[in-house]
Amino acid sequence: MQNRYSFKRRLPYLLLAPSIIILLALILYPLGFALRNSFWFWNLQTSAVPLYHSGLDNYRMVFQVTPFTEALKNTLLLAGLGTLAQFWLGMGVALLLHTHLRGLGFCRALLIMPTTLAPVVAGFLFRYLLEPKGGLLPWLLEGIGFPLPPQGILGYAGSALFAIGMVDTWQWTPFFAIVLYAGLLSISEEVKEAAQVDGASPWRMFWSITLPLLRPIAAFLVMIRFMQLFNSFDLVFVLTGGGPGASSRTLSFNLYREGLVNYNIGLTAAMTWLVVIIVTVIINLYIIFIFRKREW
Amino acid sequence: MKTLPTRHRIVIYALMALVMIFFIGPILWFILLAFRHPSEAYTIPPQLFFQPTLESFEHTFVDPGNNRPQVFNSVIVSTGATLLSLPFAMSAAYALSRFALRGKDFIMNWYISLLIAPPIVFVIPYFILMSRIGWAGTYQAMILTLQTLAIPFSVWLLKSFMDEVPLDLEEAAWVDGATRWSAFFRIIIPLATPGIIVTSMFTFVFSWNNVLFPLILSKQSTTTLPVGTISFFASSGVYWNQIAATAVVAMLPPMLIFLVLGRYVVRGLTFGAVKG
C-alpha cells in the first residue's frame, strides 16, 4: 500500500519528466556552449576549435565590433510600436466584426490568411510589392503624390525598420482581430445592457466595460506578440538584410550575422548571453506583473 | 439586438471592404505573379489582366524541378517534428491537467518562456553540435531541434483540451476497477482525440512555416520549401516569378489546414489560452 501511494504521488512527475528532460537537454547544451565559449577567442573561419582564453574581451567587443546598442534599440522600437499598432488595429477590426452584419462571418474566415503565411513568404510578398521600380505600392503612393525616398522604402535608413514593422503588422493584425473578436463574444449581454440602462455612451462603455473585461486576453496576446517581434529574424533577413547600414538590424539578426556570416563564435556566444539576460528580464516582468494571479 | 441605421451599415461595410483589400489584396497580387510571364514580373503601370502561364511552376516543380524534393523534405520534417512531440506532450499535458501539482504555474510558465525565447540563441550552437556528431544537414537534426518549439506548444494546447474532459468520467472508470493507465487510454485519449488532431495540425503548420531551423541546419538536398524561395534571390538576379511559384505551393498547406481548423484557430494561435 505504501509503495502504491508513493507511486501515485510520483506519477505526475514521472509523466512530466520526459518532456522536461528532452527540453532541458535541448536548451542547456546551447546555453552551456555559449557560456564557455564567451570567454574564448574562436573564429570558425580560422580554427575548428576555440583558440585561447580571452577573459571578458568578447563581452566588450559585442559593443565595439557589432552595432549591439543600435540593434537593441531597433528591436525594442519594432516590438513596442509593432505590438501597439497591431493591438489597436486588430481591436478596430474586431469591433467592426462585432457589429454582426450579414457577410462579416465570411470576411472573418478569410481575414486569417496573412497570419497563415510563413514570415519568409510574407517578406518576399512585400519585397515584391515595395520594389522601387515597378512595385505596386510605390506606383500607387506616387500616384497620389506621396513622397518616396529614391532608394526605395526598404533601401532608405529612415524607413527600412518601419517597413519591417508594417509587414509584421499586416501579417498579425488579423490575429489580434480574430482573437479579440472571440473575446468580445464572451462578454455577457447582461453586463452591456445594464450599462446601457444606466445611460453609458458607447465610448464610455468601451473604456469602462469592454476593455477591462478583455484585459486578461489582451495581456496574453500582447506578451506573445511582443516577444515574437522581439525575436524578428525572417522578415529582416528577407526584406532588408538589416540594412542599410545597421538601421534595421534586430538582436536576432545581429546574432546571425556575427555567428553564421562572420563565424565569430566566441563573440556570438557572449552576445547570446546578453540577449538571454535581456529576454529573461522581460519574461519575468511579465510573469510577475501580469500572470501572478492567473490560474492555469 | 437593435438593427443599425442604414447610414452606419454603409460606413461599416465600406470600412470592412478597405480592411479586406488591405489584408487579402497583397496575397492575391502575389499569387498572380506566379502566373505571369517572367518578362512581365514588373510592368509600369501594373497590369491586372494578362495572359496567364504555368511556366514558373514548370520550371520550379517539373522541368529542372528545383523545388520538387523540397515539398517532400517539408512533409518529412513537419510530420516528423509533429509525431515526435506528441508522446512527450501528451503525457505532460495529462499530468498538468489531472493532478494537483506543486509548482504547476512555474512549469507552465517555463514551457511558455521556451516558446517565446529567441530561437536564434539555440540554433547557432546546434549548428556546431550537429556538424560535430555528423548530423549536419540531416532530417533528424531539424526534427529534434524543432522540439524546443513543438513540445511546449503542444503541452499548452493539449492541456486546454484535456481540461475539458470531465473528471467524473475518469473517476467512474476507476470505480469500475479500471487502472489509471487503462482509463487514460479508454477515456482520456478517445475524448481528447479532436484536441490531439487539432494540436498536431498546428504543430505541423508551425514546423512547415519555420525557416530559421532548416535555413541553418539543412543542406541543399534536405532543405524545406519555404527556404527554397530564398534560393531564387541570387546575386545574379531575382527570379520573382519562381519565388512566387514556390511561395504559392508553400502557402497552400497552411491555408488549407487553417480553413479546416475553423473555430479552433483562435485557440491554437493562443496556445489554448483563449478558448474561442
Side-chain angles (χ1 to χ4, degrees), chain A residues 12 15-16 18-19 22-23 26-27 29-30 33-34 93 96 99 101 104 107 110-114 116-121 124-126 128-129 131 133-134 136 139 170 174-175 178-179 182-183 217 220-221 224 227-228 231 233-234 252 255-256 259-260 268 272 275-276 279 283 287 291 296, chain B residues 4 9 12 15-16 19-20 23-24 26-27 29-30 33 42-46 88-89 91-92 94-95 99 101 104-105 108-109 113-114 116-122 124-126 129 145 147-148 151 155 209 211-212 216 226 229 240 243 247 250-251 254-255 258 265-266 269-270 273-274 276:
Chain A
L15 289 169
L16 280 168
S19 68
I22 188 176
L23 287 172
L26 281 171
I27 58 170
Y29 174 81
F33 176 93
V93 177
L96 281 181
T99 56
L101 293 187
L104 292 191
C107 290
L110 276 184
L111 201 58
I112 198 66
M113 287 305 153
T116 67
L117 299 183
V120 70
V121 170
F124 274 120
L125 198 160
F126 272 90
Y128 173 66
L129 283 175
E131 185 73 24
K133 286 187 189 65
L136 186 63
W139 183 78
W170 174 80
F175 160 75
I178 282 158
V179 181
I217 296 177
F220 187 76
L221 296 185
I224 299 174
M227 283 313 297
Q228 288 173 345
N231 302 340
F233 170 82
D234 300 17
S252 288
L255 270 166
Y256 168 80
L260 297 167
T268 307
T272 295
V275 171
V276 166
V279 168
I283 292 178
I287 289 171
F291 287 160
W296 296 117
Chain B
L4 289 161
R9 298 210 335 222
I12 290 164
L15 285 172
M16 206 60 212
V19 167
M20 295 309 282
F23 287 107
I24 308 300
I27 301 179
W29 187 251
F30 197 56
L33 171 62
Y42 292 111
T43 49
I44 299 174
F88 292 101
S91 62
Y94 179 73
F99 294 89
L101 288 175
K104 187 188 277 189
D105 289 352
M108 289 296 278
N109 285 336
S113 0
L114 289 183
I116 57 180
I120 187 86
V121 160
F122 306 123
I124 295 173
Y126 290 153
L129 171 71
T145 53
Q147 299 308 311
T148 49
I151 292 179
V155 170
N209 279 351
V211 158
L212 188 59
I216 289 162
T229 53
W240 275 116
I243 291 175
M251 70 171 77
M255 278 188 179
F258 267 68
V265 163
V266 168
L269 285 173
T270 56
V274 181

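In the text below, chain A, chain B and the rest are named by the order of the sequence lines, each starting its count at 1. Not measured: the values here are computed from a predicted model.
In this structure, the portion of B:Ile151 lying under 4.5 Å from any heavy atom of chain A is its side chain and not its backbone. Proximity to chain A (any heavy atom under 4.5 Å) is restricted, for B:Phe258, to the side chain, taken from C-beta onward. Interface residue A:Trp170: backbone and side-chain heavy atoms are both found under 4.5 Å from chain B. Both the backbone and the side chain of A:Leu117 come within contact range of chain B, with heavy atoms under 4.5 Å apart. Heavy atoms of A:Val279 lying under 4.5 Å from chain B belong exclusively to its side chain. Looking at A:Ser252, both its backbone and its side chain come within 4.5 Å of chain B, counting heavy atoms on both sides. The contact between B:Phe99 and chain A is made entirely by side chain atoms (from C-beta outward), counting heavy-atom distances below 4.5 Å. Both the backbone and the side chain of B:Leu129 come within less than 4.5 Å of a heavy atom in chain A. Heavy atoms closer than 4.5 Å to chain A are found in the side chain of B:Val265, but not in its backbone. Contact annotation for A:Leu129: only side-chain heavy atoms (C-beta onward) come within less than 4.5 Å of a heavy atom of chain B. Using a 4.5 Å cut-off between heavy atoms, A:Ala118 contacts chain B through both its backbone and its side chain. Of the atoms belonging to A:Leu26, heavy atoms from both backbone and side chain fall under 4.5 Å from chain B. Both the backbone and the side chain of B:Leu15 come within contact range of chain A, judged by heavy atoms closer than 4.5 Å.
Chain B forms the most heavy-atom pairs under 4.5 Å with one residue out of A:Gly183, A:Cys107, A:Pro119, and that residue is A:Cys107. By number of non-hydrogen pairs under 4.5 angstrom with chain B, the leading residue of A:Phe233, A:Tyr29, A:Phe124, A:Phe33 is A:Phe124. Interface remark: of the candidates B:Leu212, B:Val121, B:Ile116, B:Ile116 forms the most heavy-atom pairs closer than 4.5 Å to chain A. For the set A:Asp234, A:Leu221, A:Thr116, A:Ile112, the count of heavy-atom pairs under 4.5 angstrom toward chain B peaks at A:Thr116. Per-residue counts of heavy-atom pairs under 4.5 Å with chain B were compared for A:Leu260, A:Thr272, A:Thr268; the largest is that of A:Leu260. Annotation: maximal heavy-atom pairing with chain B below 4.5 Å, among A:Gly134, A:Pro174, A:Gly259, occurs at A:Gly134. No other option in A:Val179, A:Val121, A:Val93 has as many heavy-atom pairs under 4.5 Å with chain B as A:Val179. Ranked by heavy-atom pairs under 4.5 Å with chain A, the list B:Thr148, B:Ile27, B:Val19 is led by B:Ile27. Between chain A and the residues B:Ala250, B:Ala117, B:Ala89, the most heavy-atom pairs under 4.5 angstrom are made by B:Ala117.
Between the CD1 atom of B:Ile120 and the CG atom of A:Leu255 there is a distance of 6.0 Å, given to the nearest 0.5 Å. Here the CG-NZ distance, from A:Leu16 to B:Lys104, works out to 10.0 Å after rounding to the nearest 0.5 Å. Atoms CD1 and CG, on B:Ile24 and A:Leu110 in that order, are 5.5 Å from each other to the nearest 0.5 Å. Rounding to the nearest 0.5 Å gives a distance of 9.0 Å between CE of B:Met20 and CE of A:Met113. A distance of 10.5 Å separates OH in B:Tyr42 from CG in A:Leu136, rounded to the nearest 0.5 Å. Considering CD1 of B:Ile12 and CG of A:Leu104, their distance stands at 8.0 Å, rounded to 0.5 Å.
By the side chain to side chain donor-acceptor pair (under 3.5 Å) test, A:Ser19 pairs with B:Tyr111, sequence neighbours left out.
Looking at heavy atoms from C-beta onward, B:Phe122 lies out of side-chain contact with B:Thr145 at the 4.5 angstrom threshold.
Aromatic ring centres of A:Phe126 and B:Phe30: separated by at least 6.0 Å.
The shortest heavy-atom contact between B:Trp240 and B:Leu33 is O-CD2, 3.7 Å.
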